[in-house]
Amino acid sequence: MENNLEKYLVTSALTYANGKLHIGHIVGSYLNADIFVRFQKLLGNDVLYIGGTDDFGTPISLKAEEEGISPQKIVDKFNRSMRTDLEGLNIQLDNFSGTSHPNHIKDSQDFFLNLLNAGYLRKKNLKQFYDEKLMRFLSDRYVEGNCPYCNSAGARGDQCDSCGKLLDAMELIEPKSKLSGEKPIIKSTVHWYLELPKFEEELREWLATKTYWKDNVKNFVLGWLNEGLQERGITRDLDWGVPIPLENTQGKVLYVWFDAPIGYLSSTKEWAEKRDEPEKWKDYWLDQNTKMIHFLGKDNIPFHTIIWPAMLSKQKEGFILPHDVPANEYLNLEGEKMSTSRNWTVWVEDYLKYFEGEYLRYVLAANAPETKDSDFSWEDFRKRVNSELNNVLGNLANRTCVFCNKHYDGIIERPVKLSELSQETLKEVYKLAAEIKISYSHYQVRKATKQFMDIARIGNKYFDESEPWKKVKVKKSEASETLYICFEILRVLTIVASPIIPKSMEILHDMIGIPETIVWANITKESFVYSMNNVQRLFRKIEEKEVKQQLEILQKNKKKLNKNNCHKPEIEFQDFAKLEIKIAKILSAEKIKKSNKLLHLTISIGNEERSVVAGIAKDYAPEDIVGKTVPLLVNLKPCKVMGVDSEAMILAVQGDNELALLHPDKNIKEGSEIS
RNA sequence: GGCGGCGUAGCUCAGUUGGUUAGAGCAUCGGAAUCAUAAUCCGAGUGUCCGGGGUUCAAGUCCCUGCGCCGCUACCA
């Protein structure tokens, strides 16, 4: 049997170290990986589970500046908080590292050098705009100016929206930094590009062997390939990152997406060192029998299916390539898209203040966004915990144990002969267990969850049909057989459900008092004696008021953020006086074709009419707003938006999810100025 | 507008490569039972599988088209 051992290297996508863990991270790449790892361990396979934080990049360095501490401090703080949260959810990685650890720097530099020496990196001299005020290079989309072709204002460095022409940022007339509004200077710089087009052929061939990948992943990758691969810059002018290992490259680092996946390797090496077997990582990374499986959310697919394999394939060491990339879709929250910037999510740390980690594991597993986006709601959470975990599984365990204690002093032995119903029942349970194995192997956690709950349902049904409470009074041995079978069912459950609710299943395992360990091979091996031990409730119920409380917390947090978010620097009155805002009447409105947000309005400010483009089409239909009076910023520099002249700007207010026009409190004649 | 996805019971969703009478859980209603965490078990269901057209002996499933919703993207809040 030992010869058949399979070897897995499982990873959860590195989490960006500028915040805490929330349920999106968990459902996207941690829980499904942990479940898979636990399952493989039950099978006795050799599994190593690796992860960590993604520590570099602009957002972290900006955050550090804001808070006046070093980026490393920020990163360390969140790395620690994530470890605690993962522990609270019983997600057990073999190593949780971070890309700012020293190992990682060296590994990433090696990757860079190997690619360079193999001829897959191209060095490009380029001129780039530089914002002197912020001391930062500006990528094309952060520069705007007048279009050299149609001369309309507001053209971005990469494209003019008025005439649609693709631009070179250097051609812009009167360029401005979008970040500071200052006029940027032109500075020359050097960057390295990964020449992805060179990999196309190889990648296609490699991908053709991945027939077993999930459809959503395969389609995504093919889409990318068919559009044609572009070379991608892998360096940036920044100081918080992995330095480029070449002469005269001060102030240049590797772009985060390049070094992040290398974190899987450096984290493995760190694991090996901690075990005092520094070469042990090679057992995984250099052994072609290792199946490397990356768990991640759909936004991460191209990096792991195109760029990362390309990078790996040109290293000297002969690393393995990803075997599978089971990407999950997104989880919504109460029907709305999750968003950390709006604080619309459930933070693990907060969750754990109120509920068991096991419950979240179960609910997220039962409702995982495997094939399409799914929704997490607190009401659904309550229902699943109460009517599934408690009523079906918890109650089966409880009624069996309590009955056994009451009538058999807590000990049940295997009957010599089993009735036909008992045999049939066991057979059915084994069959389901076998199906669960398939589900787990295919990452179908959702299905596995339903299936093990079905096993518990079989148990309840069998208990009822056998009526041991009647038999115990007349044929005590028959009633004992019923209990025995129920214990068998519980025993199977401790194995098949343990990847999803490991803690509860361990408790149950102790409760029913059997010596056999929880491993998959024991499923069909009947136990001979069950002896009760510290019988307790496995789960508690969630009350309606707890759901209400969580919903209130969500709403409260959401508002708090909006308030804090909108402080701008103090200004002088003269600054305000520069604005000419007048009350205007909307004369006509029509949709701008090819846009779903823009309306073309004709507006009157008394003696004058203007053409205005407004981005309000999502909240206002043209016919609804004709005749309305609204505030209008009159002296905004005119520009063209999608080919339409905009000679002023309507003022509107942004609510949580909608936009609202403003309206004077009294009847005011159009053209009146606001001050 | 471009790209991608989705539309199945009141709700949340399963439906493998086309193949009997379209399923599960929850909720609802009726019944049984009283070992158990007011838990369980049995029964009753209800469906224009978004609309229309096509391919086929056969379409929820494949093709075309219309509508609706979502995501990414572009966009003067």
Side-chain angles (χ1 to χ4, degrees), chain A residues 141 153-154 156 158-159 161-162 164 215-216 219-220 223-224 226-227 298-299 329-330 332 335-337 366-367 371-375 377 379-380 382-384 386-407 442 444 446-447 449-451 453-454 456-457 459-472 479 482-483 486 535-541 591-601 612-619 633 636-644 646-655 658-662:
Chain A
R141 43 192 290 264
R156 286 191 323 279
D158 48 353
Q159 189 176 9
D161 290 320
S162 299
D215 285 341
N216 58 340
N219 291 340
F220 200 103
W224 254 59
N226 292 338
E227 274 177 30
K298 62 178 164 188
D299 50 325
E329 305 277 312
Y330 287 149
N332 292 324
E336 284 178 47
K337 190 179 145 64
N367 198 18
T371 54
K372 57 181 169 191
D373 293 358
S374 64
D375 189 48
S377 78
E379 184 52 29
D380 182 61
R382 186 177 82 90
K383 273 185 182 157
R384 291 210 120 101
N386 290 358
S387 58
E388 294 174 16
L389 280 182
N390 275 281
N391 295 353
V392 179
L393 177 55
N395 188 41
L396 174 66
N398 188 251
R399 71 199 297 202
T400 308
C401 293
V402 169
F403 197 100
C404 171
N405 269 342
K406 209 186 231 171
H407 299 285
H442 294 175
Q444 293 171 332
R446 204 178 168 122
K447 196 168 175 185
T449 311
K450 181 188 179 300
Q451 285 166 324
M453 211 37 90
D454 283 342
R457 290 199 167 92
N460 278 319
K461 181 174 174 168
Y462 171 83
F463 198 110
D464 269 46
E465 284 175 358
S466 309
E467 301 183 314
W469 58 91
K470 281 184 187 163
K471 285 179 186 161
V472 75
T482 300
L483 287 196
C486 287
V535 172
Q536 55 182 295
R537 288 178 71 123
L538 286 175
F539 309 102
R540 78 167 179 95
K541 291 208 175 173
K591 284 208 146 192
I592 293 180
K593 52 183 189 295
K594 289 192 171 186
S595 157
N596 55 3
K597 220 168 148 183
L598 301 181
L599 292 183
H600 181 199
L601 313 177
V612 172
V613 174
I616 55 173
K618 280 198 171 159
D619 295 277
L633 179 56
L636 184 69
K637 188 171 179 180
C639 74
K640 274 197 178 187
V641 183
M642 299 195 72
V644 181
S646 185
E647 302 165 334
M649 186 174 106
I650 283 195
L651 303 185
V653 57
Q654 175 70 64
E658 59 193 343
L659 204 63
L661 292 175
L662 304 167

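These figures come from a predicted structure and were not determined experimentally. Excluded from the calculations below are hydrogen atoms, water molecules and symmetry mates; all remaining heavy atoms, backbone and side chain alike, are included.
Taking the side chain to side chain contact (heavy atoms under 4.5 Å, CB included) definition, one finds that Asn390(A) meets it with Val385(A), Asn386(A), Arg537(A), Phe539(A), Lys541(A), sequence neighbours left out. Take Lys447(A) and apply the side chain to side chain contact (heavy atoms under 4.5 Å, CB included) test, not counting sequence neighbours, and it matches Ser439(A), Gln444(A), Gln451(A). Looking at residues two or more places apart in sequence or on another chain, you find a side-chain hydrogen bond (donor to acceptor under 3.5 Å, both in side chains) between Asp373(A) and Lys298(A). Ala479(A) pairs by the side chain to side chain contact (heavy atoms under 4.5 Å, CB included) definition with Tyr408(A), Pro468(A), Lys471(A), Val472(A), not counting sequence neighbours. Residues that satisfy the side-chain hydrogen bond (donor to acceptor under 3.5 Å, both in side chains) test with Gln536(A), not counting sequence neighbours, are absent from this structure.
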Using atom names, set out every protein N or O paired with an N or O of nucleotides 6-15 of chain B below 3.5 Å, distance rounded to 0.1 Å.
{"unit_1": "rA14(B)", "atom_1": "OP2", "unit_2": "Lys372(A)", "atom_2": "NZ", "d": "3.2"}

For nucleotides 30-38 of chain B, list the nitrogen or oxygen atoms of the protein found under 3.5 Å from its nitrogen or oxygen atoms, one pair per line.
{"unit_1": "rC35(B)", "atom_1": "O3'", "unit_2": "Lys406(A)", "atom_2": "NZ", "d": "3.3"}
{"unit_1": "rC35(B)", "atom_1": "O2", "unit_2": "Arg399(A)", "atom_2": "NE", "d": "3.2"}
{"unit_1": "rC35(B)", "atom_1": "N3", "unit_2": "Arg399(A)", "atom_2": "NE", "d": "3.4"}
{"unit_1": "rC35(B)", "atom_1": "N3", "unit_2": "Arg399(A)", "atom_2": "NH2", "d": "2.5"}
{"unit_1": "rC35(B)", "atom_1": "N4", "unit_2": "Arg399(A)", "atom_2": "NH2", "d": "3.1"}
{"unit_1": "rA36(B)", "atom_1": "OP1", "unit_2": "Lys406(A)", "atom_2": "NZ", "d": "2.9"}
{"unit_1": "rA36(B)", "atom_1": "O3'", "unit_2": "Asn398(A)", "atom_2": "OD1", "d": "3.0"}
{"unit_1": "rA36(B)", "atom_1": "O2'", "unit_2": "Asn395(A)", "atom_2": "OD1", "d": "2.8"}
{"unit_1": "rA36(B)", "atom_1": "O2'", "unit_2": "Asn398(A)", "atom_2": "OD1", "d": "2.9"}
{"unit_1": "rA36(B)", "atom_1": "N1", "unit_2": "Arg399(A)", "atom_2": "NH2", "d": "3.4"}
{"unit_1": "rA36(B)", "atom_1": "N3", "unit_2": "Asn395(A)", "atom_2": "ND2", "d": "3.2"}
{"unit_1": "rA36(B)", "atom_1": "N3", "unit_2": "Arg399(A)", "atom_2": "NE", "d": "3.3"}
{"unit_1": "rU37(B)", "atom_1": "O4'", "unit_2": "Arg537(A)", "atom_2": "NH1", "d": "2.9"}
{"unit_1": "rU37(B)", "atom_1": "O2", "unit_2": "Asn390(A)", "atom_2": "OD1", "d": "3.4"}
{"unit_1": "rU37(B)", "atom_1": "O2", "unit_2": "Arg537(A)", "atom_2": "NH2", "d": "2.3"}
{"unit_1": "rU37(B)", "atom_1": "N3", "unit_2": "Asn390(A)", "atom_2": "OD1", "d": "3.1"}
{"unit_1": "rU37(B)", "atom_1": "O4", "unit_2": "Gly394(A)", "atom_2": "O", "d": "3.3"}

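Nucleotides rU21(B) and rU17(B) place their C1' atoms 23 Å apart, quoted to the nearest Å. Comparing rG25(B) with rA33(B), their C1' atoms sit 23 Å apart, to the nearest whole Å. For the C1' atoms, the distance from rA27(B) to rG45(B) is 13 Å, rounded to whole Å. rA32(B) and rG18(B) have their C1' atoms separated by 42 Å, given to the nearest Å. Rounded to a whole angstrom, the distance from the C1' atom of rC50(B) to that of rA39(B) is 40 Å. On the P atoms, rC64(B) is 35 Å away from rC76(B), given to the nearest whole Å. Remark: the separation of the P atoms in rC35(B) and rU8(B) is 44 Å, to the nearest Å. Rounded to a whole angstrom, the distance from the C1' atom of rG10(B) to that of rG5(B) is 26 Å.
Note that NZ of Lys450(A) is 11.5 Å distant from CZ of Arg446(A), once rounded to the nearest 0.5 Å.
Taking atom CG on Asp299(A) and atom P on rG5(B), their separation rounds to 18 Å, with Å as the unit. Rounding to whole angstrom units, CG of residue Asp454(A) and C1' of rA24(B) are separated by 8 Å.
Within the structure, the salt bridge (charged side-chain N to carboxylate O under 4.0 Å, His left out) test picks out the following pairs touching residues 394-403 of chain A (sequence neighbours left out): Arg399(A)-Asp464(A). Counting only residues at least two apart or in different chains, salt bridge (charged side-chain N to carboxylate O under 4.0 Å, His left out) contacts with residues 386-398 of chain A comprise Arg384(A)-Glu388(A).
Ring pair Phe463(A)/Trp469(A) is parallel by interplanar angle, where below 30° counts as parallel and above 60° as perpendicular.
Nucleotide rU16(B) forms no Watson-Crick or G-U wobble pair with any nucleotide shown, as no partner meets the under 3.5 Å limit on both distances. Searching all strands for a Watson-Crick or G-U wobble partner of rA39(B) with both distances below 3.5 Å returns nothing. Summarising the base pairing, rA9(B) is matched to no nucleotide, lacking a Watson-Crick or G-U wobble pair whose two defining distances lie under 3.5 Å. Under the Watson-Crick or G-U wobble criterion, with both distances below 3.5 Å, rA44(B) is paired with rU28(B). Using the Watson-Crick or G-U wobble rule with both distances under 3.5 Å, rU21(B) pairs with nothing in any strand shown.
Within the nucleic acid shown, Leu636(A) comes within 4.0 Å of at least one base atom, counting heavy atoms only. Heavy atoms of Arg382(A) sit nowhere under 4.0 angstrom from any nucleic acid atom.
Residues Val392(A) and Ser387(A) approach most closely at CG2-O, 3.3 Å, considering heavy atoms.
Of the two residues near RNA chain B, Tyr330(A) and Glu465(A), the one whose nearest nucleotide lies more 5' is Glu465(A).
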